[in-house]
Amino acid sequence: MPVWLRDYSWRQTAAAVYLSLPLRGVRATSASIFCTEQYLKVSIPPFLFEAILYAPIDDTNSTAKIGNGIVFFTLYKKEVAMWDSLTLPNANKEKLQYLRENAVLKAHEKAKEETEAKKVTKQEHKKYALEATMKLEEAERKRIEDLKEKERQKVTKELELWKKQQNDAEKQKGVQRDEELPREVEKLKVKKKEKGNKTMTPNEGVSKAGLKPTKGHGSCSIFSENLKEEQLPAPRSAATIKINFTSRVFPTALRESRVAEEEEWLRKQAEARRTISADLSELEDLKEEEKNPDWLKDKGNKMFATGNYLAAVNAYNLAVRLNNKLPLLYLNRAACHLQLRNLHKAIEDSSKALELLTPPVPDNENARVKAYVRRGTAFCQLELYTEGLQDYEAALKIDPKNKTIEKDAEKIRHLIQGTTQES
């Protein structure tokens with residue numbers, strides 16, 4: 001049962017009241033002080049002090065100091081005036097009980113208001129931080145685009161200069177050909193003339209007068225024969241051959257595909273894209289683009305690339321709440337949990353991703369391999385090597401040419417063999 005502390009001293013000025021409570025050898029480490037506008041309660045086991053003050057005080061700016069065996073209060077008055085006494089005079093039990101309950105109720109209301117104000121301030125700070133991050137990213141993106149544009153202009157100028165040099169070289173070659181062509185024609189005429197002279201030279205025992213041109217079908221001279229030999233056929237006319245291919249979403253050929261499973265996978269992906277939960281209270285303060293799960297996924301990927309895994313998890317969490325049918329959200333969040341050593345959560349997200357990556361088709365092979373490897377990694381870090389090896393072997397069945405997965409699976413087999421020999 002508490003002992004009421006009656007031995008206290010106080011003094012005042014027009015603006016403040018100074019109250020001193022002696023501790024009488026009691027350590028004040030467990031002191032509990034409750035103060036409102038007109039109610040003051042101090043609990044220092046086994047002592048208890050309670051006072052209904054004469055007039056309201058400013059409980060926000062008032063102070064209490066504990067030291068040298070006393071508790072010293074500085075209570076600032078709301079109205080500048082001198083008090084007749086420290087406590088309210090002539091107050092019966094009912095009035096004291098009412099004032100006490102009213103003081104506690106006001107304290108609860110004030111605490112609730114402060115909590116709400118802190119919550120609003122926290123939301124404003126988060127929103128401001130997000131906007132600041134987006135502005136920085138926008139500035140960085142603009143800087144990168146400017147660099148790309150400058151590089152493109154530079155490459156374009158170099159390409160135009162190269163084209164100009166090529167055109168000048170072609171023109172130079174054309175001029176040289178035009179200069180060499182008459183010489184070649186002249187040489188050809190000389191060769192024809194020499195060949196004709198050789199043909200008309202008389203053989204042994206035959207005189208020049210005996211050579212007469214014949215008439216009829218074979219009356220063409222040797223010069224006309226040479227001209228016929230030089231006549232070339234006209235080039236063939238160009239044509240275009242059209243080849244039509246069957247339109248395909250997946251990389252495999254239609255004859256090698258499983259049409260029913262592929263159509264089911266495409267249908268599930270289309271339904272997942274249309275499924276968005278729009279009744280979340282967090283969406284009220286977000287911009288339209290921030291309500292897009294794909295935008296949040298890209299945001300999480302950027303955070304993951306910079307090593308900010310907690311922020312990436314928050315982005316994926318909101319994206320999952322918006323749309324819980326996209327397997328890549330769970331797959332990427334599992335990678336974050338692996339980095340944060342949240343191994344059980346990594347297993348849950350990898351299993352959920354594998355559940356959504358059905359039916360197995362070529363379009364989701366890469367995602368299924370990642371899901372098996374991440375779940376197997378989490379199992380191995382939990383020293384559940386048998387389960388981890390099963391996931392790695394499942395990944396190898398999908399991608400048998402992956403040497404990295406094959407090496408990791410071999411290491412797990414050695415670990416299992418070592419554990420078995422030790423036992």
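All residue numbers in this chain count up from 1 along the given sequence. None of these values were measured; they are calculated from a predicted model. Computation of the quantities below employed the complete heavy-atom set of this structure, encompassing side-chain atoms and omitting hydrogens, waters and symmetry-equivalent molecules.
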If you define the side chain from C-beta out and look only at heavy atoms, does anything of V104 sit under 4.5 Å from F34? yes
Is it true that K78 and D58 make a salt bridge, defined as a side-chain N closer than 4.0 Å to a carboxylate O? no
Over all heavy atoms of both residues, which pair between V42 and L21 is shortest? Give the atoms and the distance, please. CG2-CD1, 4.1 Å
Among L86, V71, T74, whose side-chain contact (heavy atoms from CB on, under 4.5 Å) with L19 holds? L86
Check the side chains of E149 and Q153 for a donor-acceptor pair under 3.5 angstrom, ignoring hydrogens and angles. yes
What closest approach, in Å, do A107 and T36 show between heavy atoms, and which atom pair accounts for it? CB-CG2, 4.0 Å
Test side-chain contact (heavy atoms from CB on, under 4.5 Å) on D391 and V373 and set out the steps. CA-CA 6 Å; D391 280 343; V373 169; over 6 Å; no
Candidate pair Y54 and I52, rule side-chain contact (heavy atoms from CB on, under 4.5 Å), full reasoning: CA-CA 7 Å; Y54 184 83; I52 305 297; over 6 Å; no
Donor-acceptor pair between N301 and Y316 side chains, under 3.5 angstrom: yes
How long is the gap from NZ on K370 to CD on E365, to the nearest 0.5 Å? 13.0 Å
So, the side chain of N314 versus the backbone of Y309: is there a donor-acceptor pair under 3.5 Å, distance only? no
So which atom in L396 and which in N402 form the shortest heavy-atom distance, rounded to 0.1 Å? CD2-O, 3.9 Å
Go through the steps to decide whether C35 and I57 satisfy the test side-chain contact (heavy atoms from CB on, under 4.5 Å), and finish with yes or no. CA-CA 10 Å; C35 180; I57 62 169; 3.8 Å; yes
With a 4.5 Å limit on heavy-atom distance, are the side chains of L382 and H344 in contact? yes
The test is side-chain contact (heavy atoms from CB on, under 4.5 Å); show your working for I33 and F73 and say whether it passes. CA-CA 11 Å; I33 300 173; F73 290 93; 3.9 Å; yes
Tell me if the centroids of the rings in Y392 and Y372 come within less than 6.0 Å of each other. no
Just wondering, do L40 and E50 contact through their side chains at under 4.5 Å, heavy atoms? no
Tell me whether the rings of F72 and Y18 are parallel (<30°), tilted (30 to 60°) or perpendicular (>60°). parallel
Lys/Arg-Asp/Glu bridge criterion (N-O < 4.0 Å) met for E410, R413: yes
Any donor-acceptor N/O pair, S350 side chain to I347 backbone, under 3.5 Å: no
With rounding to the nearest 0.5 Å, note down the distance linking CZ in R341 to CD in Q381. 4.5 Å
How many angstroms lie between atom CG of L75 and atom NZ of K77, to the nearest 0.5 angstrom? 10.0 Å
Do side-chain atoms of Q12 reach the backbone of W83 as a donor and acceptor pair under 3.5 angstrom? yes
Counting N and O atoms only, with roles assigned by atom type, does the side chain of N364 sit under 3.5 Å from a partner on the main chain of V361, one being a donor and the other an acceptor? yes
K401 with E406: basic N within carboxylate O range, under 4.0 Å: no
Closest heavy-atom pair and its distance - L329, P293: CD2-O, 4.4 Å
Is a donor from one side chain sitting under 3.5 angstrom from an acceptor on the other, for K110 and T60? yes
So, do K299 and N292 sit near enough that their side-chain heavy atoms are less than 4.5 Å apart? no
Can you tell me how far NE2 of H337 sits from OH of Y330, rounded to the nearest 0.5 angstrom? 11.0 Å
Any side-chain heavy atom of D168 within less than 4.5 Å of one from Q172? no
Spell out, as yes or no, whether a donor-acceptor pair under 3.5 Å connects the side chain of R374 to the backbone of A346. no
Test your reading of the model: is there a side-chain donor-acceptor pair from Q38 to the backbone of L53, 3.5 Å cut-off? yes
Considering only heavy atoms from C-beta outward, does the side chain of L326 approach that of D294 to under 4.5 Å? yes
Grab the two heavy atoms, one from A367 and one from L328, that are nearest each other, plus how far apart they are. CB-CD2, 4.3 Å
Can we say E158 and K163 salt-bridge, meaning some charged N sits less than 4.0 Å from an Asp/Glu carboxylate O? no
So how far is it from L130 CG to H125 NE2, rounded to the nearest 0.5 Å? 14.5 Å
How far apart are the closest heavy atoms of L389 and A409, and which atoms are they? CD1-O, 3.7 Å
With a 4.5 Å cut-off on side-chain heavy atoms, are Q123 and K119 touching? yes
Should the heavy atoms of other residues, nucleotides or ligands under 6.0 Å from CD of E383 be counted, would the total exceed 12? no
V17 vs W10 side-chain heavy atoms within contact, under 4.5 Å: yes
Between CG of D146 and CZ of R143, what distance do you get to the nearest 0.5 Å? 9.0 Å
Hey, is CD on E140 packed in by over 12 heavy atoms from elsewhere, all under 6.0 Å? yes
